[in-house]
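Below is one structure; the comments refer to it alone.
For reference, positions follow the sequence shown, starting with 1.
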Amino acid sequence: TTICSLRDREVISTKSGRRLGYVCDAEIDLCSGRVCALIIPGDIRCLGFARSPDVCVPWDAIEKIGNDVILVDCSRVIMREKKQILPKKR
């Protein structure tokens, strides 16, 4: 299974059956070359201007990777706020 093949697969909690979203990115340890986590973008809220935190699924929380979905242990999922980059003051 490659990272490209994981993109756009739906991630579902095995405990609740809740849909967490679709994989959009991966977090990779550059030293070892291993995937550390899968990233699912947060939901868009407030007329498209605000987003809820991204969902970070640690690799060891993945229980099964299927053809269309990825089943995860939702109790180990991490919510991450996006860091906002502000322009430097002149």
Side-chain angles (χ1 to χ4, degrees):
T1 304
T2 64
I3 297 296
C4 290
S5 69
L6 295 178
R7 288 189 60 123
D8 300 325
R9 287 195 195 182
E10 190 169 23
V11 180
I12 298 175
S13 168
T14 56
K15 298 205 185 303
S16 66
R18 193 178 107 211
R19 295 176 173 182
L20 302 176
Y22 291 85
V23 175
C24 73
D25 204 356
E27 192 174 286
I28 299 171
D29 179 350
L30 295 178
C31 293
S32 67
R34 299 187 86 132
V35 176
C36 300
L38 298 179
I39 309 298
I40 302 163
D43 294 331
I44 296 173
R45 311 183 272 185
C46 192
L47 301 172
F49 292 109
R51 293 189 92 146
S52 58
D54 287 347
V55 177
C56 178
V57 179
W59 188 256
D60 57 356
I62 297 172
E63 295 184 3
K64 180 77 173 171
I65 298 176
N67 292 334
D68 299 325
V69 298
I70 300 171
L71 302 176
V72 300
D73 177 0
C74 198
S75 65
R76 295 168 44 201
V77 167
I78 303 164
M79 303 302 274
R80 287 193 181 160
E81 291 287 340
K82 285 194 171 193
K83 293 181 181 175
Q84 193 173 21
I85 301 172
L86 300 174
K88 292 183 180 180
K89 293 182 181 179
R90 293 185 180 186

In terms of heavy-atom contacts, Cys56 and Ile39 come closest through SG-CD1, 4.0 Å
Any chance you could measure Arg9, atom CZ, to Asp68, atom CG, to the nearest 0.5 Å?
7.5 Å
Return yes if some donor-acceptor pair links the side-chain N/O of Arg76 with the main-chain N/O of Asp60 below 3.5 Å, else return no.
yes
So CG of Leu20 and CG of Leu38: to nearest 0.5 Å the spacing works out to 11.0 Å
How many angstroms lie between NZ in Lys15 and OG in Ser75, if you round to the nearest 0.5 Å?
5.0 Å
Apart from Val69 itself, residues in the same hydrophobic cluster as defined by side-chain heavy atoms under 4.5 Å:
Ile12, Leu71
When you measure from the side chain of Arg7 to the backbone N and O of Ala26, does any donor-acceptor pair fall under 3.5 Å?
no
Here the pair of heavy atoms bringing Ala37 nearest to Pro58 is CB-CA, 4.0 Å
Any link between Tyr22 and Val77 through a network of hydrophobic side chains (Ile, Leu, Val, Met, Phe, Trp, Tyr) touching at under 4.5 Å?
no
d(Leu6 CG, Ile65 CD1) to nearest 0.5 Å is 5.0 Å
